[in-house]
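Worksheet for the structure shown next.
Every heavy atom of this structure was used, including side-chain atoms; hydrogens, water molecules and symmetry mates were not. Sequential numbering from 1 along the given sequence is applied to the chain's residues.
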Amino acid sequence: MGKTSKDKRDIYYRRAKEEGWRARSAFKLLQIDHECHIFDGVNKAVDLCAAPGSWSQVLSRKLNENYKKALEVGEATPPKIVAVDLQAMAPLEGVIQIQGDITNTVTAKRIIAHFDNTQADLVVCDGAPDVTGLHDMDIYIQSQLLLAALNITTHILRPGGTFVAKIFRAKDVSLLYSQLKIFFPYVYCAKPSSSRNSSIEAFVVCKDYSPPEGYEPHMLNPLLTHEPCNFEKLTGVNRIVVPFVVCGDLNQPDSDTCYPLDFEGKEYTYHEPVQSPIAPPYEEALALLEDSSTDFRKAGVSVVIDSDRPMSLSEFKEQARRKQKCVNDKKDEDDEKQETSNEDNKDLSNILPLDALHDLNITDESSSHENK
């Protein structure tokens, strides 16, 4: 969440901070639930690729609401939520966090252990790659990430459970739908109102998990599979047309519209992000900017590195810091010497007579003026 003008005009970005959500993506899961009722009867849930934690916040709030309603009727079991991500995530009350790889069987065992060796009722995944701008590459990586999430889901989801994951709708999306239909008889493609229309992002909602007879869950890494597939040969049941569902009615704000800051008569007040990133990839760049001597955006800061071999970016940064430090230390030393020299001259002007100062050629401006 940044501070740009576009962010300020994004109504969902502003509402997320006002309502205490860590990211605007929380509204996507809320709108999916409003349309597809994915939280009904859910007591154990898993959030894959959870950072920064907005979907875990939604799970915690909705499952606890279900728990309180169940207590009014009779006895109920407190909900359990497990969040998994490779990155560290700030703690959330009522959410168990695992820092692990969703393509590893060990991670699946750790999740099931937190559920007392039982399986989850719901698995959600809002994971997406760092987009490169090469659309074919981004779509491929996203599809492989979805399959990786499906792989671990087959280990941790109970029969009859629900699976929700992000998908990029592209020309070959039928293959993904066909793979999901192997495990779920009900598959929907949902597009929340908070998801920008200009984005190919959507979400698959898969209900009633029913693995094929004799299927054994495995953890083959889909990124290591390079078998070609001819999509033109997909016919009949192999080429599935999945129903498309729009989540959120026309009363919901449009995610592609820039709204005025004073929206609905409320005076705009800037809010800081609910949770800042713990270990952002730009952390090293921020550290360089904190030191004015290595802030290369300034005109007066420049470093020349002489090297007879190629070097990585990290090596260049390290050498630039060292060289700039040497330059700064030398400058400080020269300033100190100059200051000491000025003080010595001042002391001499107070002790020696004027004629002597002329002989030493260290008279000040006032003395020169009186001589004239």
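Between the side chain of Lys28 and the backbone N or O of Phe203 there is no donor-acceptor pair closer than 3.5 Å. Not a single donor-acceptor pair under 3.5 Å links the side chain of Ser195 to the backbone N or O of Pro192. Within the 3.5 Å criterion, the main-chain N or O of Ser25 finds a donor-acceptor partner in the side chain of Trp55. Within the 3.5 Å criterion, the main-chain N or O of Ile112 finds no donor-acceptor partner in the side chain of Gln119. A donor-acceptor contact shorter than 3.5 Å is absent between the side chain of Ser60 and the backbone of Ser56. Panel note: side chain Thr162, backbone Leu122; no donor-acceptor pair is recorded below 3.5 Å. Side-chain N or O atoms of Gln57 include one that pairs as donor or acceptor with a backbone N or O of Gly20 at under 3.5 Å. When atom types are taken as modelled, the side chain of Gln99 and the backbone of Leu86 share a donor-acceptor pair closer than 3.5 angstrom. Distance alone, capped at 3.5 Å, is enough to place a donor-acceptor pair between the Ser210 side chain and the Asp208 backbone. Proximity of a side-chain donor or acceptor of Lys191 to a complementary backbone N or O of Glu201 within less than 3.5 Å is detected.
Annotation: salt bridge (Lys or Arg N to Asp or Glu O under 4.0 Å) contacts involving residues 125-135, sequence neighbours excluded, comprise Asp126-Lys166. Applying the ring-ring contact (aromatic ring centres under 6.0 Å, His included) test to every pair with at least one member in residues 60-97, sequence neighbours left out, gives no pairs at all. Each salt bridge (Lys or Arg N to Asp or Glu O under 4.0 Å) pair with one or both residues in residues 29-58, not counting sequence neighbours, appears once here: Asp33-Lys62. For residues 137-160, the salt bridge (Lys or Arg N to Asp or Glu O under 4.0 Å) pairs, not counting sequence neighbours, are Asp121-Arg158.
Ring pair Phe184/Tyr209 is tilted by interplanar angle, where 30° to 60° counts as tilted.
No donor-acceptor contact under 3.5 angstrom links the side chains of Tyr177 and Lys181, judged on distance only.
Residues passing the side chain to side chain contact (heavy atoms under 4.5 Å, CB included) test with Asn104, sequence neighbours excluded: Asp101, Val106, Thr107. The side chain to side chain contact (heavy atoms under 4.5 Å, CB included) test applied to Ala90 returns Arg22, Gln275, Ile278, not counting sequence neighbours.
At most 12 heavy atoms of other shown residues, nucleotides or ligands fall within 6.0 angstrom of atom NE2 in His34.
Of the inter-residue distances, the one linking Leu29 atom CG with Ser194 atom OG reads 9.5 Å to the nearest 0.5 angstrom.
Note on Ile139 and Leu176: separate hydrophobic clusters, where clusters join Ile, Leu, Val, Met, Phe, Trp and Tyr whose side-chain heavy atoms are under 4.5 Å apart, directly or indirectly. Ile32 is connected to Leu63 through a chain of hydrophobic side-chain contacts under 4.5 Å among Ile, Leu, Val, Met, Phe, Trp and Tyr, so both are in one cluster. Tracing side-chain contacts under 4.5 Å through hydrophobic residues (I, L, V, M, F, W, Y), one reaches Phe39 starting from Phe27; they form part of the same cluster.
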